[in-house]
Amino acid sequence: MVHALETIHGLLKPNGILIDMRPKGIPAEFRGHRDNESMPLGQIDETDAFIEYRQAAEAMEKAVDKKLFRLQVSGEYDFVIHADSFEEMKAYLTVEWTDAIIHPEIESKALEMKAEKISLHDFIHIGIMARL
């Protein structure tokens, strides 16, 4: 990953901007919704335990240490995926998050509460990096 950042560094003009936007590697949280009620259902898991997000963070830290980039500002936000049913959410994740693991008790909780909607909240890091 550091090699990719070195390549990007070579493509950007001095003081050019790289936007570093990636999941934080914290398990995303399912929530069930019914009427005005919202209930946590559990967290998604991954077959690789979210390793690629930690690797991306480490690569960016190394690029900063190598003085390729300087952090100008950083923050985080909650990226939310909405679905009308648990089945719809699972179908979406099957295509878009192929290494996701949804533990059976999460769906059981959604059925138990008779959730009308499901949301999945992922925690995203964003950083504005200046090329040095």
Side-chain angles (χ1 to χ4, degrees):
M1 288 187 194
V2 175
H3 175 71
L5 292 169
E6 289 169 342
T7 300
I8 292 167
H9 178 268
L11 296 171
L12 286 173
K13 294 179 180 179
N15 296 317
I17 299 297
L18 167 68
I19 299 175
D20 173 25
M21 191 166 67
R22 58 187 144 75
K24 291 186 67 174
I26 299 168
E29 298 176 353
F30 287 102
R31 296 194 68 81
H33 306 275
R34 191 179 94 225
D35 300 325
N36 292 327
E37 186 181 332
S38 178
M39 181 177 127
L41 302 174
Q43 297 178 327
I44 200 166
D45 204 351
E46 279 194 358
T47 56
D48 65 1
F50 306 97
I51 192 167
E52 67 271 26
Y53 310 128
R54 290 189 299 277
Q55 290 171 334
E58 290 168 7
M60 187 53 74
E61 288 173 16
K62 287 179 184 173
V64 169
D65 290 345
K66 292 176 79 171
K67 307 229 182 291
L68 299 175
F69 298 97
R70 175 180 44 84
L71 177 65
Q72 288 188 324
V73 65
S74 70
E76 56 187 63
Y77 63 93
D78 189 12
F79 180 80
V80 184
I81 300 166
H82 298 275
D84 288 329
S85 68
F86 208 85
E87 288 303 316
E88 183 179 284
M89 179 66 77
K90 286 194 315 188
Y92 171 82
L93 293 173
T94 297
V95 173
E96 299 295 333
W97 197 332
T98 56
D99 62 345
I101 300 170
I102 304 169
H103 298 287
E105 62 270 12
I106 295 171
E107 187 170 8
S108 295
K109 286 181 183 178
L111 291 171
E112 183 180 306
M113 80 168 286
K114 297 181 178 145
E116 297 167 345
K117 305 269 184 192
I118 301 293
S119 59
L120 180 61
H121 299 252
D122 201 1
F123 308 100
I124 307 296
H125 161 84
I126 186 166
I128 307 301
M129 311 298 293
R131 179 197 183 274
L132 298 177

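Everything numeric here is computed off the predicted structure, so don't read it as measured data. Each residue takes its place number in the sequence, starting with 1.
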Problem - Side chains of Glu61 and Val2 in contact at under 4.5 Å (non-hydrogen atoms) - result: no

Exercise for the section: Answer yes if Met129 and Ile126 sit in the same cluster of Ile, Leu, Val, Met, Phe, Trp and Tyr residues linked by side chain heavy atoms under 4.5 Å apart, and no otherwise. Expected result: no

Handout entry: Shared hydrophobic cluster, Ile8 / Leu71 (ILVMFWY, side-chain heavy atoms < 4.5 Å)
Key = yes

Practice task
Would you check, one step at a time, whether the test salt bridge (charged side-chain N to carboxylate O under 4.0 Å, His left out) holds for Lys109 with Glu112?
Solution key: CA-CA 5 Å; Lys109 286 181 183 178; Glu112 183 180 306; over 6 Å; no

Problem - Met21, CE: over 12 other non-hydrogen atoms inside 6.0 angstrom - result: no

Completion exercise
Residues Gly32 and Ala115: closest non-hydrogen pair is CA-CB, 4.1 Å

Completion exercise
When every non-hydrogen atom of Ala100 is compared with those of Ile44, the smallest separation belongs to CB-CD1, 3.5 Å

Exercise for the section: Return yes when atom NZ of Lys90 has more than 12 non-hydrogen atoms of other residues, nucleotides or ligands closer than 6.0 Å, and no otherwise. Expected result: yes

Handout entry: Non-hydrogen atoms of Glu88 and Ala83 that approach each other most closely
Key = OE2-CA, 3.2 Å

Exercise for the section: Quick one: pull up CZ in Arg70 and CG in Leu18 and give me the separation to the nearest 0.5 Å. Expected result: 13.0 Å

Practice task
Examine distances only and state if a side-chain atom of Arg131 and a backbone atom of His9 form a donor-acceptor pair shorter than 3.5 Å.
Solution key: yes

Practice task
With rounding to the nearest 0.5 Å, note down the distance linking NE2 in His33 to CZ in Arg31.
Solution key: 6.5 Å

Practice task
Applying side chain to side chain contact (heavy atoms under 4.5 Å, CB included), run through His103 and Asp45 and close with a yes or a no.
Solution key: CA-CA 8 Å; His103 298 287; Asp45 204 351; 3.5 Å; yes

Fill in the blank from the handout: Scanning both residues in full, the closest heavy-atom pair of Leu5 with Ala59 reads CD1-O, 3.5 Å

Exercise for the section: Please answer: with hydrophobic residues joined when any side-chain heavy atoms are less than 4.5 Å apart, are Ile102 and Val80 in the same cluster? Expected result: no

Handout entry: Asp99 CG to Glu52 CD distance, which is reported to the nearest 0.5 Å
Key = 6.0 Å

Handout entry: is_close_aromatic(Phe79, His121), centroid dist under 6.0 Å
Key = no

Problem - Exam field: side chain Glu116 to backbone Asp84, donor-acceptor pair closer than 3.5 Å - result: no

Problem - Contact check, side chains of Glu6 and Lys66, non-hydrogen atoms, under 4.5 Å - result: yes

Practice task
Please work out whether the ring planes of Phe30 and Phe86 are parallel, tilted or perpendicular, with thresholds of 30° and 60°.
Solution key: tilted

Exercise for the section: Identify the heavy atoms of His125 and Gly127 that sit nearest to each other, and give their distance. Expected result: NE2-N, 3.7 Å

Problem - Ile19, CD1: over 12 other non-hydrogen atoms inside 6.0 angstrom - result: no

Exercise for the section: Indicate yes or no: at least one non-hydrogen side-chain atom of Trp97 is less than 4.5 angstrom from one of Leu120. Expected result: yes

Practice task
For Asp122 and Asp78, run side chain to side chain contact (heavy atoms under 4.5 Å, CB included): C-alpha distance rounded to whole Å, both residues' side-chain angles, the deciding distance at 0.1 Å, then the answer.
Solution key: CA-CA 6 Å; Asp122 201 1; Asp78 189 12; 5.7 Å; no

Exercise for the section: Without swapping roles, check the side chain of Thr98 against the backbone of Thr94 for a donor-acceptor pair under 3.5 Å. Expected result: no

Fill in the blank from the handout: Heavy atoms of Ile128 and Ile17 approach each other most closely as CG2-CG2, 3.6 Å

Exercise for the section: Before giving the answer on side chain to side chain contact (heavy atoms under 4.5 Å, CB included), spell out for Lys117 and His82 the whole-Å C-alpha distance, their side-chain angles and the decisive distance to 0.1 Å. Expected result: CA-CA 7 Å; Lys117 305 269 184 192; His82 298 275; over 6 Å; no

Problem - Contact check, side chains of Phe50 and Ile26, non-hydrogen atoms, under 4.5 Å - result: no

Practice task
Find out if a path of hydrophobic residues (ILVMFWY) with successive side-chain heavy-atom gaps under 4.5 Å connects Val64 to Leu132.
Solution key: no

Exercise for the section: Please determine, by modelled atom types, if Glu46 and Tyr53 share a side-chain donor-acceptor pair under 3.5 angstrom. Expected result: yes

Exercise for the section: Drop me the distance from Leu41's CG to Ile106's CD1, to the nearest 0.5 angstrom. Expected result: 7.5 Å

Problem - Distance in Å, Glu76 CD paired with Ile124 CD1, rounded so as to fall on 0.5 Å steps - result: 10.0 Å

Practice task
Could you walk me through whether Asp20 and Arg22 pass the salt bridge (charged side-chain N to carboxylate O under 4.0 Å, His left out) test, one step at a time?
Solution key: CA-CA 7 Å; Asp20 173 25; Arg22 58 187 144 75; 2.8 Å; yes

Practice task
Tell me whether the centres of the aromatic rings in Tyr77 and Phe123 are closer together than 6.0 Å.
Solution key: no

Problem - Nearest-0.5 Å distance that lies between atom CG in Asp65 and atom CD in Glu58 - result: 11.5 Å

